[in-house]
Amino acid sequence: MSVLEPAVVADARMHLNLATLRFTGVDAALERPFLHDHFRGSLRHMRIALVLGAIMYGGYGLLDHLMFPVVERRLWLVRFAFVCPVILFVAASSFHARFERWMQPALALVIWVSGGGVIVLTVLATPPASYQFYAGLTVVLIFSYAFLRARFLWASATGLVVVVAYNLAVLRWTETPPSVMVSNDFFLITFNFVGMAACYGIEHSARRAFFLRHRLGTEQDKVQEANRTLEARVLARTTDLSVANDQLQREVVERQRVEDERLRLAQQLKQAEKLETIGKLAAGVAHDLNNMLGGLVTLPDLMLSDLDEHDPLRADLVEIRDAGIRAAAIVSDLLALSRQAIPDRSVVQLNRIIEAVVRSPACTQLGASHREVRLEVELDPELLHLVGASVQLSKLVTNLLHNAFEANLVAGVVKITTANRYIDRPMDGYERIPEGEYVVLTVADTGTGIAPEDLSRIFEPFFTKKKLGRSGTGLGMTLIAAALKEHGGFLDLKTAEGEGTAFELYFPATRDELAVADAPARLEDCLGTERVLVVDDVAEQRSIASKMLRKLGYDVHVVESGEVALAYLRQERADIVVLDMVMDPGIDGCEAYRQIVAEHPRQRAILTTGFASSDRVVEALRLGVGACIPKPYTLERLARALRKELARSAA
């Protein structure tokens, strides 16, 4: 400690230039911070002094009236038109952001203008009373040195200039007696040097106070650093004592977390395996099953077009066709679970979909079989739109209503509502819902509720609590969850045994406008004579497509693969190609079209598919395929798709 003391004492000495009062040597770096601190500390005091000085300077105008009535107007002109406005202008300028740079020159200007004003008054006033104006000059000097907070160098230089200017003006323009001059100069010079000494002492004291505050702050920082070091050491020792216990607790918590994560992942894996099994099943049978269903849908459609409207066979053929369409819908549900459904997204209005479901025969039949259950519908008329597939959303609403009706074993209420909702922070429900703007669909019932042990399993494939003889395949809730995820949505679920269940589905909202639907064309308007090339690996499908197209008037040629289609188009022309998506063996429809447009860039085409992965369909559409029609397709749907694509080609 004794080794450090001399250094500390040496550092405590303030290093100043005694003539200019600037910090020098090791303290030179303090000059700029001091000037800024001095400016901030002096600003309010300086403003008050300037305002008071202007008032006093103007107040002496009363003496002008009493002592110099003849020249009072000229004297007032100096006071009120020149000196006072300059003082007040500097006071007002002090509120400008850059005034700090110009504060000392501005104060020097005030001293010079104030002193110069007294000198001009001395010249203009009449003797012998004018001999006493030097007293006003002493007041200006005292005010300048002691109150304005001007720095020593600026105040001293300006004060000396004012004193010299006074003597020159009196000698040149007045007839002041030498004895009066000597007397006035004695007091004036004395006041000036006293003022300089006072200003020197004020600035020196200010610099000393700033230096000591700086030194005190430095020492306080050292003490605080020492305290922090000591506290850190104490904390480190304390931490060392608790490390073993904390480590043991962390290991226990980590093991529990790992076990919980293992169980969660095992459950997710089990769920994924079930969905993968369904996906493989759907992928394995969808193509062949939809090809077979094509006959059930298409052939009755062709026969119906030839029959008279009152033919007794029409009802049977319609029933056969509709049965095929319902079977195709089941395959579509399986594909939805495996996320292999063909994308068909657009801006839709959920209220319209709900209204259509409520008015549908399926919902009417559901209400008839549960007469004790009352359906209430409350839809927000200002509901925002969402981007989705109308067919998928219709199935989702239908499944929700079906489950809600069957949850009411006795009389009850099923209520379906829609609303807009903005979530400004993530919300934890059945699952975590991120912030955003949503369209919320709520289907609530007053039924039996869901048991806690079943709550985590309700969306598993083939999990059902329904008894034999009642509806339920175990896929309804799984389809709901799959459709919701396909639309980027989230679920919240509120339930209690015996008190009912409320499903809240959050769909991301959009403010895009609904697409204007084209007016459906009549089948008679979809006839054509163009040449159509049909590409399909299944002979029955080629036959069905050929019959349908010839029925519509087209010139048809059929081939069995993409490779044969390429060879055909090198020799012949086709206005449009109808491509099957999945063909075995050989290239699929997407690759076939890629090679076709490489050789024939303007070739138009549409896809047909009984099963296809979404990415291949999207790629084909990107390449320029006009539409993708799922199998089995009806005569009307094929006709409209062809006509629309041919019309686009012509345009």
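For the numbers below, each heavy atom of this structure counts, side chains included, while hydrogens, waters and symmetry mates do not. In this chain, residues are counted from 1 in sequence order.
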Of all the heavy-atom pairs spanning [X] and [Y], show the shortest one and how long it is.
X      : Y      : result
Gly562 : Val535 : N-CG1, 3.9 Å
Ser369 : Leu366 : OG-O, 2.9 Å
Cys628 : Leu621 : N-CD2, 4.5 Å
Arg637 : Pro630 : NH2-CD, 3.6 Å
Gly624 : Glu645 : O-OE2, 4.3 Å
Ile587 : Ala592 : CD1-CA, 3.6 Å

For the [atom1] atom of [X] and the [atom2] atom of [Y], what is their distance to the nearest 0.5 Å?
X      : Y      : atom1 : atom2 : answer
Asp555 : Thr529 : CG    : OG1   : 9.0 Å
Thr501 : Leu400 : OG1   : CG    : 11.5 Å
Leu552 : Arg643 : CG    : CZ    : 9.5 Å
Glu499 : Asp445 : CD    : CG    : 12.0 Å
Glu619 : Cys590 : CD    : SG    : 5.0 Å
Asp580 : Thr608 : CG    : OG1   : 4.5 Å

Heavy-atom check, side chain of [X] versus side chain of [Y], under 4.5 Å:
X      : Y      : answer
Lys494 : Tyr430 : no
Glu530 : Ile576 : no
Leu384 : Glu437 : yes
Asp380 : Thr417 : no
His370 : Glu406 : yes
Leu642 : Val578 : yes
Ile629 : Leu607 : no
His557 : Tyr568 : yes

- Message: For Arg371, I'd like to know if atom CZ has over 12 heavy atoms of other residues, nucleotides or ligands within 6.0 Å.
- Response: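 Atom CZ in Arg371 is not packed in, count stays at 12 or less.
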- Message: Tell me whether the count of non-hydrogen atoms from other residues, nucleotides or ligands lying under 6.0 Å of CD in Gln365 goes above 12.
- Response: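 No, the 6.0 Å shell around CD holds no more than 12 heavy atoms from other groups.
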Look only at the side chain of [X] and the backbone of [Y], and say whether a donor-acceptor pair between them is shorter than 3.5 Å.
X      : Y      : answer
His487 : Leu386 : no
Thr495 : Gly500 : yes
His385 : Asp512 : yes
Arg421 : Val439 : no
Asp492 : Glu504 : no
Asp575 : Val532 : no
Gln603 : Ala574 : yes
Ser360 : Val357 : yes

For [Y], is there an ion pair with [X] - N to carboxylate O distance below 4.0 angstrom?
X      : Y      : value
Arg640 : Glu636 : yes
Arg374 : Glu376 : yes
Glu431 : Lys485 : yes
Glu355 : Arg352 : no
Glu560 : Arg542 : no

- Show your reasoning for whether side-chain contact (heavy atoms from CB on, under 4.5 Å) applies to Val582 and Asp588. CA-CA 5 Å; Val582 179; Asp588 66 4; 5.8 Å; no
- Leu484 vs Phe507, side-chain contact (heavy atoms from CB on, under 4.5 Å): CA-CA, chis, key distance, verdict: CA-CA 8 Å; Leu484 183 62; Phe507 296 94; 3.7 Å; yes
- Item | Verdict with reasoning, Glu599 to Gln595, per side-chain hydrogen bond (donor to acceptor under 3.5 Å, both in side chains) | CA-CA 7 Å; Glu599 298 181 15; Gln595 296 184 28; over 6 Å; no
- Query: Does Tyr506 have its ring centroid less than 6.0 Å away from the ring centroid of Tyr438?
  - Reply: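 So the answer is yes for these two rings.
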- Please test Leu441 against Val397 for side-chain contact (heavy atoms from CB on, under 4.5 Å), starting from the C-alpha separation and ending with a verdict. CA-CA 9 Å; Leu441 166 65; Val397 174; 4.1 Å; yes
- For the pair Val253 and Gln256, evaluate side-chain contact (heavy atoms from CB on, under 4.5 Å) and give the outcome as yes or no after the intermediate values. CA-CA 5 Å; Val253 172; Gln256 184 62 44; 5.7 Å; no
- Check the side chains of Thr418 and Asn351 for a donor-acceptor pair under 3.5 angstrom, ignoring hydrogens and angles.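 Yes, side-chain donor-acceptor contact under 3.5 Å.
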